Amino acid sequence: MAIQQFEHGKMTLEQFEILLDTLGTNFDSWPKMKQAEARNLAQTLDGKRLFRGAQKLEMLMMALQSTPQSTSQSVPESSSESPLVNSAVTPCDTQKEAFLEKLADIPRRYQQNSAHLTVCNRMTLFVTQALAVNSDGSRLFSPQRLASQAAAFAAVLAVGILVGITPEETPTGSGEIDLSETWFVASSDFELGE
Amino acid sequence: MPNRDKADDTILVARVCAGDSDAFRLLVIRHGARFRMLAMRFTFDQALAEDVVQEAFISLWLKAGKFDGAKASFTTWFHRIVINKCLDYKRKRQFSALPDGYDRADPAVGPEVKLAADGASNRLKTVLSALSERQKTAVILSYYSGLSNQEAAEVMQMNIKAYESLLVRSRAKMRKMLMAEKDDLFAAFA
């Protein structure tokens, strides 16, 4: 965003400052045409001061990201695998795993409101699962299948409407057909003579 | 693969909604540590962070029906819950005492690393406290949540441009604060 503003002209110290906050202190990741200018500015007294400030911030953020406390370790995803089975367990890990066990115990300690187990929820579950990707990559109700069904439905509907609005030739001038005239014709065949 | 994970999370929440405790356990194992860390970055207090995340997971168990997979992914939705709870707690409580476990011995970490980490943690706390809640949230989401800027913007219900500009302003403010400090304080990280 800030980059477009400074595409032309010589970079000022203020622009250098904004770009430092936007792009960071690694000039290699800056736009190529700005890299040389930025490096030159970083050599000036004020530029150096700004650069050092930005570097301080990056170092602080990185130091905290890499501390053991902030490192999120991968945990087994299967419910059958307990996270407590790691071989090299530190006190930090134990604390974290104890906390996870406490969380996993929530269903035992808190009763779900039965109102949640409504037909609607069960339907949501069914539909969600039906739309999910199967292990073989196929979908029960893929968008393509749903679209083709919708198209077929629309086509049948359109044909029905067209047939409905087509004027029909009527045997009578009034335009009314008395279907009841032929209702009992066939039954006369079965009449027994007296 | 990430799409598959998101789909799985959505199914798991639907199963939680139907009272499936195994699905809940799986969500806890998958995301519990990550949200604990996020809450710790907000509160700088392990006990409080754990309370916040526990409360969020209780809400998930009791009110999973509120999740709408069509509107947001599970992680985006749950980030919002955890962050809102952190902010609520912060409004209610004053952080005058040092965080729990501040001086607890940690045999896994060397003393000099621990000292540097504690120093950095305190410095970060000071710097972050100078930011507004929105700026602080943007910084924490950007550096510690593992979310992309787009996802972080969704968590904060902002467009990406506004989020990035908020992030730049936050970084500028933090940088100016750090520039005012003495250079030698950072020797530990050099």
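To find a chain, count down the sequence lines: A is the first, B the second, and so on, and within it residues start at 1. Nothing here was measured: the structure is a model prediction, and the numbers come from that model.
One hydrophobic cluster, built from ILVMFWY side chains closer than 4.5 Å, holds both B:V13 and B:L26. Residues B:I160 and B:I83 do not share a hydrophobic cluster, defined by chaining ILVMFWY side chains whose heavy atoms lie under 4.5 Å apart. Note on B:M177 and B:L128: separate hydrophobic clusters, where clusters join Ile, Leu, Val, Met, Phe, Trp and Tyr whose side-chain heavy atoms are under 4.5 Å apart, directly or indirectly. Taken together through direct or relayed side-chain contacts under 4.5 Å among Ile, Leu, Val, Met, Phe, Trp and Tyr, B:L62 and B:F74 form part of one hydrophobic cluster.
Using a 4.5 Å heavy-atom cutoff, the side chains of A:Q95 and B:R36 are in contact. A 4.5 Å side-chain heavy-atom check between B:R25 and A:E101 finds at least one atom pair inside the cut-off.
If you take NZ on B:K176 and CD on A:E17, they are separated by 5.0 Å, rounding to the nearest 0.5 Å. A:T22 contributes atom OG1, which lies 7.5 Å from atom CZ of B:R171 (distance to the nearest 0.5 angstrom). In this structure, CG in A:D21 is found 11.0 Å from CE in B:M174, a value given to the nearest 0.5 Å.
Both the backbone and the side chain of B:F57 come within less than 4.5 Å of a heavy atom in chain A. Residue contact with chain B, scored on non-hydrogen atoms closer than 4.5 Å, involves the backbone of A:Q111 exclusively. The contact between B:V139 and chain A is made entirely by side chain atoms (from C-beta outward), counting heavy-atom distances below 4.5 Å. For a residue to count as touching a neighbouring chain, one of its non-hydrogen atoms must lie under 4.5 Å from one of that chain's; by this rule A:R109 touches chain B with the side chain only. Both the backbone and the side chain of A:L50 have a heavy atom closer than 4.5 Å to some heavy atom of chain B. A:F99 touches chain B through its side chain: at least one heavy atom from C-beta onward sits under 4.5 Å away, while N, CA, C and O do not.
Nearest heavy-atom pair across B:L178 and A:L57 is CD1-CA, 3.4 Å. Counting all heavy atoms, side chain and backbone alike, A:L103 lies closest to B:F24 at O-CE2, 3.1 Å. Considering all non-hydrogen atoms of both residues, A:Y110 and B:W61 come closest at O-NE1, 2.8 Å. The two residues B:M179 and A:G53 make their nearest non-hydrogen contact at CG-CA, 3.3 Å. Between A:A54 and B:R175, the shortest heavy-atom contact is N-CD, 3.4 Å. Of all the heavy atoms in A:L100 and B:V28, the pair that sits closest is O-CG1, 3.4 Å.
Options B:L60, B:L27, B:V127, B:V53 differ in how many heavy-atom pairs under 4.5 Å they form with chain A, and the most are formed by B:V53.
For B:R134, the CZ atom sits in a loose shell: 12 or fewer heavy atoms of surrounding residues, nucleotides or ligands are nearer than 6.0 Å.
No donor-acceptor distance shorter than 3.5 angstrom exists from the side chain of B:Q54 to the backbone of A:K102, with no hydrogens or angles considered.
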